[in-house]
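Everything on this sheet refers to the single structure shown next.
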Amino acid sequence: GENVEQHPSTLSVQEGDSAVIKCTYSDSASNYFPWYKQELGKGPQLIIDIRSNVGEKKDQRIAVTLNKTAKHFSLHITETQPEDSAVYFCAARLYNFNKFYFGSGTKLNVKP
Amino acid sequence: DTEVTQTPKHLVMGMTNKKSLKCEQHMGHRAMYWYKQKAKKPPELMFVYSYEKLSINESVPSRFSPECPNSSLLNLHLHALQPEDSALYLCASSQDSSGNYGYTFGSGTRLTVV
(Lines give C-alpha, C1' and ligand atoms only; values in the text may rest on other atoms or scores of the structure.)
Protein backbone atom coordinates (compact mmCIF):
# COMPACT_ATOMS: atom_id res chain seq x y z
CA GLY A 1 0.00 0.00 0.00
CA GLU A 2 0.84 3.67 0.07
CA ASN A 3 2.71 5.40 2.92
CA VAL A 4 2.38 9.16 3.41
CA GLU A 5 4.67 11.06 5.75
CA GLN A 6 3.91 14.62 6.83
CA HIS A 7 6.11 17.26 8.45
CA PRO A 8 6.21 19.16 10.68
CA SER A 9 3.78 17.83 13.28
CA THR A 10 3.35 21.32 14.73
CA LEU A 11 4.03 24.71 13.19
CA SER A 12 3.76 28.08 14.85
CA VAL A 13 3.92 31.28 12.78
CA GLN A 14 3.24 34.95 13.28
CA GLU A 15 0.19 36.43 11.59
CA GLY A 16 1.13 37.59 8.10
CA ASP A 17 3.99 35.13 7.71
CA SER A 18 3.96 32.15 5.34
CA ALA A 19 3.53 28.52 6.36
CA VAL A 20 4.73 25.45 4.50
CA ILE A 21 3.72 21.86 5.21
CA LYS A 22 5.44 19.00 3.40
CA CYS A 23 4.38 15.46 2.57
CA THR A 24 6.12 12.56 0.90
CA TYR A 25 4.53 9.45 -0.56
CA SER A 26 5.97 6.08 -1.40
CA ASP A 27 4.00 4.71 -4.35
CA SER A 28 4.64 6.29 -7.75
CA ALA A 29 1.18 5.07 -8.83
CA SER A 30 -0.46 7.72 -6.64
CA ASN A 31 -2.03 10.37 -8.82
CA TYR A 32 -4.34 12.56 -6.72
CA PHE A 33 -3.33 14.58 -3.68
CA PRO A 34 -5.90 16.52 -1.63
CA TRP A 35 -5.28 18.69 1.42
CA TYR A 36 -7.76 18.93 4.29
CA LYS A 37 -8.15 21.47 7.07
CA GLN A 38 -9.74 20.32 10.32
CA GLU A 39 -10.83 22.85 12.89
CA LEU A 40 -11.56 21.86 16.47
CA GLY A 41 -14.82 19.95 16.78
CA LYS A 42 -15.37 19.78 13.02
CA GLY A 43 -14.80 17.32 10.22
CA PRO A 44 -11.96 17.76 7.71
CA GLN A 45 -12.63 20.26 4.93
CA LEU A 46 -11.08 19.95 1.47
CA ILE A 47 -9.11 23.14 0.82
CA ILE A 48 -7.11 22.35 -2.32
CA ASP A 49 -6.09 19.35 -4.39
CA ILE A 50 -3.66 18.55 -7.17
CA ARG A 51 -3.43 15.81 -9.77
CA SER A 52 -0.25 14.17 -10.97
CA ASN A 53 -0.34 15.85 -14.39
CA VAL A 54 0.01 19.29 -12.76
CA GLY A 55 3.03 20.72 -10.93
CA GLU A 56 1.39 23.58 -9.08
CA LYS A 57 -2.05 24.89 -8.23
CA LYS A 58 -3.03 28.09 -6.49
CA ASP A 59 -6.23 29.34 -4.89
CA GLN A 60 -5.92 32.82 -3.37
CA ARG A 61 -3.56 32.49 -0.37
CA ILE A 62 -3.20 28.72 -0.69
CA ALA A 63 -0.99 26.85 -3.13
CA VAL A 64 0.10 23.25 -3.55
CA THR A 65 3.19 22.03 -5.40
CA LEU A 66 3.92 18.50 -6.56
CA ASN A 67 7.26 16.96 -7.45
CA LYS A 68 6.54 13.53 -8.95
CA THR A 69 10.18 12.62 -9.35
CA ALA A 70 10.93 13.18 -5.68
CA LYS A 71 7.46 11.96 -4.65
CA HIS A 72 6.67 14.91 -2.48
CA PHE A 73 4.04 17.63 -2.35
CA SER A 74 3.70 20.74 -0.24
CA LEU A 75 1.03 23.13 1.00
CA HIS A 76 1.90 26.82 1.05
CA ILE A 77 -0.20 29.36 2.92
CA THR A 78 0.75 33.01 2.49
CA GLU A 79 -0.27 35.99 4.62
CA THR A 80 -1.47 33.68 7.39
CA GLN A 81 -4.39 34.75 9.55
CA PRO A 82 -5.51 33.49 13.00
CA GLU A 83 -8.43 31.68 11.33
CA ASP A 84 -5.91 29.53 9.47
CA SER A 85 -5.12 27.88 12.83
CA ALA A 86 -6.20 24.25 12.51
CA VAL A 87 -4.87 20.76 11.84
CA TYR A 88 -3.94 20.14 8.22
CA PHE A 89 -3.85 16.67 6.63
CA CYS A 90 -2.33 15.72 3.31
CA ALA A 91 -3.50 12.60 1.49
CA ALA A 92 -2.59 10.52 -1.52
CA ARG A 93 -4.66 8.20 -3.67
CA LEU A 94 -3.39 5.28 -5.69
CA TYR A 95 -4.41 5.28 -9.33
CA ASN A 96 -7.78 3.61 -9.87
CA PHE A 97 -8.27 2.78 -6.20
CA ASN A 98 -10.81 4.63 -4.12
CA LYS A 99 -8.89 4.89 -0.88
CA PHE A 100 -6.96 7.84 0.48
CA TYR A 101 -3.85 7.46 2.58
CA PHE A 102 -3.59 10.32 5.04
CA GLY A 103 -0.52 11.94 6.53
CA SER A 104 -0.29 12.21 10.30
CA GLY A 105 -1.38 15.86 10.39
CA THR A 106 0.18 19.25 11.12
CA LYS A 107 -1.17 21.49 13.84
CA LEU A 108 -0.77 25.07 12.60
CA ASN A 109 -0.94 27.88 15.13
CA VAL A 110 -1.07 31.44 13.78
CA LYS A 111 -0.26 33.95 16.50
CA PRO A 112 -1.93 37.37 16.25
CA ASP B 1 -26.99 22.01 -0.34
CA THR B 2 -23.27 21.32 -0.04
CA GLU B 3 -23.22 19.64 3.33
CA VAL B 4 -22.98 16.23 4.88
CA THR B 5 -25.18 16.13 7.99
CA GLN B 6 -24.45 13.72 10.82
CA THR B 7 -26.61 12.93 13.82
CA PRO B 8 -26.27 12.80 16.71
CA LYS B 9 -23.31 15.10 17.37
CA HIS B 10 -22.54 13.37 20.64
CA LEU B 11 -23.41 9.89 21.87
CA VAL B 12 -22.64 8.09 25.11
CA MET B 13 -23.48 4.40 25.15
CA GLY B 14 -22.91 1.41 27.38
CA MET B 15 -21.18 -1.72 26.18
CA THR B 16 -24.49 -3.60 25.98
CA ASN B 17 -26.40 -0.89 24.13
CA LYS B 18 -27.47 -0.78 20.50
CA LYS B 19 -27.35 2.58 18.79
CA SER B 20 -27.16 4.00 15.28
CA LEU B 21 -25.30 6.88 13.69
CA LYS B 22 -26.93 8.64 10.76
CA CYS B 23 -25.51 10.53 7.80
CA GLU B 24 -27.32 12.41 5.05
CA GLN B 25 -26.24 14.28 1.92
CA HIS B 26 -28.25 15.90 -0.87
CA MET B 27 -25.44 16.71 -3.29
CA GLY B 28 -26.20 13.78 -5.59
CA HIS B 29 -22.96 12.09 -4.55
CA ARG B 30 -22.93 8.37 -5.33
CA ALA B 31 -20.14 7.30 -2.95
CA MET B 32 -20.36 7.50 0.82
CA TYR B 33 -17.86 6.59 3.52
CA TRP B 34 -17.48 5.94 7.21
CA TYR B 35 -14.24 6.98 8.89
CA LYS B 36 -13.06 6.64 12.48
CA GLN B 37 -10.78 9.29 13.97
CA LYS B 38 -8.96 9.02 17.29
CA ALA B 39 -7.63 12.13 19.00
CA LYS B 40 -4.63 13.70 17.25
CA LYS B 41 -4.70 11.06 14.51
CA PRO B 42 -5.76 11.12 10.86
CA PRO B 43 -9.09 9.59 9.83
CA GLU B 44 -9.08 5.82 9.27
CA LEU B 45 -11.29 4.33 6.58
CA MET B 46 -13.93 1.85 7.76
CA PHE B 47 -16.42 1.37 4.92
CA VAL B 48 -17.06 2.57 1.36
CA TYR B 49 -20.44 2.48 -0.33
CA SER B 50 -20.64 2.99 -4.07
CA TYR B 51 -24.08 3.35 -5.66
CA GLU B 52 -25.61 2.05 -2.42
CA LYS B 53 -23.54 -1.12 -2.42
CA LEU B 54 -20.77 -1.90 0.03
CA SER B 55 -17.53 -1.88 -1.94
CA ILE B 56 -14.83 -1.70 0.75
CA ASN B 57 -14.82 -3.05 4.31
CA GLU B 58 -11.48 -2.38 5.97
CA SER B 59 -11.70 -5.49 8.16
CA VAL B 60 -13.94 -3.69 10.62
CA PRO B 61 -15.25 -5.79 13.55
CA SER B 62 -18.82 -7.02 13.14
CA ARG B 63 -20.00 -4.92 16.09
CA PHE B 64 -20.05 -2.11 13.49
CA SER B 65 -22.71 -2.69 10.83
CA PRO B 66 -23.15 -0.21 7.97
CA GLU B 67 -26.31 0.30 5.98
CA CYS B 68 -27.12 2.44 2.95
CA PRO B 69 -30.93 2.64 2.59
CA ASN B 70 -30.74 4.99 -0.42
CA SER B 71 -28.34 7.25 -2.27
CA SER B 72 -28.70 10.06 0.29
CA LEU B 73 -28.53 8.16 3.56
CA LEU B 74 -25.87 6.16 5.34
CA ASN B 75 -26.22 4.53 8.75
CA LEU B 76 -23.75 2.89 11.09
CA HIS B 77 -25.32 0.46 13.55
CA LEU B 78 -23.41 -0.11 16.76
CA HIS B 79 -23.74 -3.08 19.09
CA ALA B 80 -21.66 -4.40 21.98
CA LEU B 81 -18.94 -1.81 21.56
CA GLN B 82 -15.79 -1.61 23.65
CA PRO B 83 -14.36 1.46 25.41
CA GLU B 84 -11.55 1.55 22.83
CA ASP B 85 -14.19 2.21 20.17
CA SER B 86 -14.64 5.69 21.61
CA ALA B 87 -13.72 8.12 18.84
CA LEU B 88 -15.04 10.69 16.37
CA TYR B 89 -16.99 8.92 13.62
CA LEU B 90 -16.96 10.81 10.36
CA CYS B 91 -19.19 10.35 7.36
CA ALA B 92 -18.07 11.59 3.97
CA SER B 93 -19.32 11.61 0.41
CA SER B 94 -17.83 12.10 -3.02
CA GLN B 95 -19.17 12.55 -6.51
CA ASP B 96 -18.43 8.94 -7.39
CA SER B 97 -16.21 6.10 -6.25
CA SER B 98 -13.47 6.66 -8.83
CA GLY B 99 -11.33 8.38 -6.21
CA ASN B 100 -10.83 11.30 -8.57
CA TYR B 101 -12.69 13.69 -6.31
CA GLY B 102 -12.05 14.89 -2.80
CA TYR B 103 -14.45 14.11 -0.03
CA THR B 104 -17.02 16.28 1.68
CA PHE B 105 -16.93 15.35 5.35
CA GLY B 106 -19.61 15.80 7.97
CA SER B 107 -18.78 17.25 11.39
CA GLY B 108 -18.84 13.82 12.95
CA THR B 109 -20.41 12.04 15.89
CA ARG B 110 -18.34 12.05 19.07
CA LEU B 111 -18.90 8.57 20.52
CA THR B 112 -18.05 7.62 24.08
CA VAL B 113 -18.42 3.99 25.16
CA VAL B 114 -18.69 3.49 28.90
Side-chain angles (χ1 to χ4, degrees), chain A residues 1-10 21 23 25 27 29-54 57 59 62 64 73 75 86-109, chain B residues 2-10 21 23-25 27 29-51 53-60 74 87-110:
Chain A
E2 174 63 279
N3 181 44
V4 178
E5 294 190 359
Q6 183 172 346
H7 299 280
S9 56
T10 59
I21 302 170
C23 288
Y25 59 99
D27 198 322
S30 290
N31 68 342
Y32 174 61
F33 308 91
W35 284 88
Y36 291 89
K37 173 185 180 182
Q38 187 171 23
E39 297 174 279
L40 200 61
K42 296 186 178 181
Q45 175 192 6
L46 178 68
I47 55 171
I48 196 166
D49 56 12
I50 192 166
R51 302 181 193 280
S52 57
N53 60 346
V54 175
K57 183 176 179 181
D59 183 4
I62 295 174
V64 57
F73 56 114
L75 178 70
V87 178
Y88 291 80
F89 292 101
C90 64
R93 182 200 76 105
L94 288 171
Y95 173 73
N96 213 30
F97 187 53
N98 187 17
K99 178 178 177 178
F100 288 98
Y101 295 84
F102 284 88
S104 54
T106 296
K107 185 173 182 180
L108 174 64
N109 180 33
Chain B
T2 58
E3 288 187 346
V4 172
T5 303
Q6 289 188 245
T7 56
K9 293 195 183 304
H10 301 274
L21 309 185
C23 173
E24 190 168 3
Q25 58 87 16
M27 294 177 281
H29 288 178
R30 301 315 302 268
M32 296 184 77
Y33 313 83
W34 280 114
Y35 276 82
K36 173 183 178 179
Q37 187 176 28
K38 297 285 249 183
K40 299 185 180 181
K41 297 288 187 183
E44 298 174 31
L45 182 64
M46 300 175 71
F47 302 104
V48 178
Y49 271 85
S50 176
Y51 291 85
K53 293 191 188 312
L54 183 65
S55 61
I56 296 178
N57 176 341
E58 289 285 289
S59 303
V60 178
L74 187 66
L88 180 69
Y89 287 84
L90 293 162
C91 174
S93 68
S94 64
Q95 191 163 323
D96 60 32
S97 60
S98 67
N100 288 325
Y101 302 94
Y103 297 164
T104 301
F105 280 92
S107 291
T109 294
R110 177 77 57 190

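By convention in this document, chain letters (A, B, ...) are assigned in the order of the sequence lines, proteins followed by strands, and residues within each chain are numbered from 1.
- The one candidate from B/Trp34, B/Tyr35, B/Tyr33 that meets the side chain to side chain contact (heavy atoms under 4.5 Å, CB included) condition with B/Met46 is B/Trp34.
- Contacts between B/Gln37 and chain A at a heavy-atom distance below 4.5 Å involve the side chain alone, from C-beta outward.
- In this structure, chain B has a heavy atom under 4.5 Å from the side chain of A/Gln38, while its backbone stays farther away.
- Counted by atom type alone, B/Ser55 and B/Ser50 present zero donor-acceptor pairs between their side chains at under 3.5 Å.
- Between A/Trp35 and A/Ile21 there is a side-chain heavy-atom pair separated by less than 4.5 Å.
- Within the 4.5 angstrom heavy-atom criterion, only backbone atoms of B/Ser98 (N, CA, C, O) approach chain A.
- For the residue pair A/Asn31 / A/Arg51, no side-chain donor-acceptor distance below 3.5 Å is found, with atom types taken as modelled.
- Only the side chain of B/Glu58 has a heavy atom closer than 4.5 Å to any heavy atom of chain A.
- Note: B/Phe105 and A/Tyr36 have perpendicular aromatic rings, judged against thresholds of 30 and 60 degrees for the angle between ring planes.
- Counting heavy-atom pairs under 4.5 Å between each of A/Glu39, A/Lys99, A/Gln6, A/Lys107 and chain B puts A/Lys99 at the top.
- When heavy atoms are compared at a cutoff of 4.5 Å, A/Tyr101 does not approach chain B at all.
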